[in-house]
Amino acid sequence: MAKVLMLKFIDGSYKECEVTGKAMGGDYVYYKPLSSLKPGRVDWGVDRTWADHHVEVLETGKDHVVVEVKDRWGRHKGGPYKLYEGQKEGYSYMFGEWSYNFCVSLEMREED
């Protein structure tokens with residue numbers, strides 16, 4: 001398998017259930033090859049109907065990508081971030097009793 005630059009996106013949320021005390025939410029991790037990215041909203045190839053955040057590509061290059069992250073209502077939450085290999089950007093915040101976070105990075109990985 002060949003190694004390629006991949007955009008990695010971690011979309012997370014957390015809340016403790018008032019009734020059971022169990023953790024709700026969690027982290028969802030997605031990868032997309034840099035070479036397949038184009039301007040616009042990233043299609044991760046899975047159903048993200050109820051995702052907390054989405055990534056929008058503003059610019060791509062051979063060794064970098066510029067992205068913004070928005071919440072499910074389309075409000076700006078982070079960026080623009082110009083990412084090169086090994087760089088990570090993220091943000092966390094509270095909304096009511098829920099904790100939300102995201103992290104975007106560009107890393108070298110083996111392509112599936």
Side-chain angles (χ1 to χ4, degrees):
M1 290 190 187
K3 290 197 175 225
V4 297
L5 276 175
M6 302 278 260
L7 178 65
K8 179 180 179 181
F9 180 53
I10 302 172
D11 189 14
S13 63
Y14 171 82
K15 177 184 179 218
E16 186 176 294
C17 179
E18 302 89 356
V19 177
T20 65
K22 292 184 179 181
M24 299 188 305
D27 287 342
Y28 298 89
V29 182
Y30 306 95
Y31 294 94
K32 193 81 168 187
L34 175 64
S35 61
S36 71
L37 297 175
K38 58 185 179 193
R41 191 170 178 163
V42 176
D43 177 4
W44 300 103
V46 295
D47 179 16
R48 289 189 38 86
T49 305
W50 293 103
D52 294 317
H53 301 95
H54 66 271
V55 176
E56 292 193 12
V57 173
L58 303 178
E59 171 190 322
T60 60
K62 284 186 162 189
D63 64 347
H64 74 278
V65 63
V66 179
V67 298
E68 280 187 333
V69 179
K70 296 184 178 182
D71 65 16
R72 72 172 63 160
W73 300 277
R75 293 184 301 239
H76 181 264
K77 284 295 178 191
Y81 303 122
K82 188 170 188 177
L83 300 171
Y84 290 91
E85 182 181 354
Q87 284 186 279
K88 293 181 182 182
E89 295 288 347
Y91 182 67
S92 62
Y93 60 98
M94 296 290 294
F95 186 76
E97 295 179 4
W98 282 87
S99 168
Y100 295 94
N101 66 80
F102 64 81
C103 180
V104 288
S105 60
L106 197 57
E107 61 182 54
M108 193 65 73
R109 288 183 51 92
E110 287 188 7
E111 190 173 28
D112 293 332

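The first residue of the sequence shown is numbered 1, and numbering continues consecutively from there. Computed from a prediction, not measured in an experiment: that's the story for all the values here.
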Task: Flag side-chain contact, heavy atom, 4.5 Å: Tyr31 against Arg109 - done: yes

Open item on the list: I need the Leu34 CG to Leu83 CG distance, nearest 0.5 Å.
Closed with: 10.0 Å

Task: side chain to side chain contact (heavy atoms under 4.5 Å, CB included) against Ser36, all qualifying residues, sequence neighbours excluded - done: Lys32, Pro33

For residues 72-80, dump all side-chain donor-acceptor pairs below 3.5 Å to protein atoms at least two apart in sequence or in another chain.
unit_1	atom_1	unit_2	atom_2	d
Arg72	NE	Ala51	O	3.4
Arg72	NH2	Trp50	O	3.3
Arg72	NH2	Asp52	OD1	2.5
Arg75	NE	Asp71	OD2	3.2
Arg75	NH2	Asp71	OD2	3.2
His76	NE2	Gly79	O	2.9

Open item on the list: Distance check, rounded to the nearest 0.5 Å: Asp43 atom CG versus Tyr30 atom OH?
Closed with: 11.5 Å

Open item on the list: Do the side chains of Arg41 and Glu56 get close enough for a salt bridge, i.e. N-O under 4.0 angstrom?
Closed with: no

Task: Contact check, side chains of Ile10 and Tyr28, non-hydrogen atoms, under 4.5 Å - done: no

Open item on the list: Quick check: do Asn101 and Asp11 have side-chain heavy atoms less than 4.5 Å from each other?
Closed with: no

TODO: Report the C-alpha separation of Tyr93 and Phe95 in whole Å, then their side-chain angles, then the decisive distance to 0.1 Å, and conclude whether the ring-ring contact (aromatic ring centres under 6.0 Å, His included) test is met.
DONE: CA-CA 7 Å; Tyr93 60 98; Phe95 186 76; 7.7 Å; no

Task: Common cluster, Val46/Phe9, ILVMFWY with side-chain heavy-atom separation under 4.5 Å - done: yes

Task: Identified side-chain contact (heavy atoms from CB on, under 4.5 Å) partner of Val104 from the options Glu89, Gln87, His53 - done: Glu89

Open item on the list: Centre-to-centre under 6.0 Å for Tyr100 and Phe102, is that the case here?
Closed with: no

Task: Separation of Leu37 CG from Leu58 CG (nearest 0.5 Å) - done: 11.5 Å

Open item on the list: Within the structure provided, determine whether Leu106 and Lys8 are in side-chain contact (heavy-atom separation under 4.5 Å).
Closed with: no

Open item on the list: Just so I know, are the side chains of Trp44 and Leu7 near enough to count as touching, which here means a heavy-atom distance under 4.5 Å?
Closed with: yes

TODO: Please round to the nearest 0.5 Å and tell me the distance separating atom CE of Met6 and atom CD of Glu85.
DONE: 12.5 Å

- [ ] Quick one: pull up SG in Cys17 and NZ in Lys22 and give me the separation to the nearest 0.5 Å.
- [x] 9.0 Å

TODO: State, to 0.1 Å, how close Trp98 and Ser13 come at their nearest heavy-atom pair, and which atoms those are.
DONE: CZ3-OG, 3.8 Å

Atom pairs and distances, side-chain donor-acceptor, residues 61-70, under 3.5 Å, sequence neighbours left out:
unit_1	atom_1	unit_2	atom_2	d
His64	NE2	Glu59	OE2	2.9

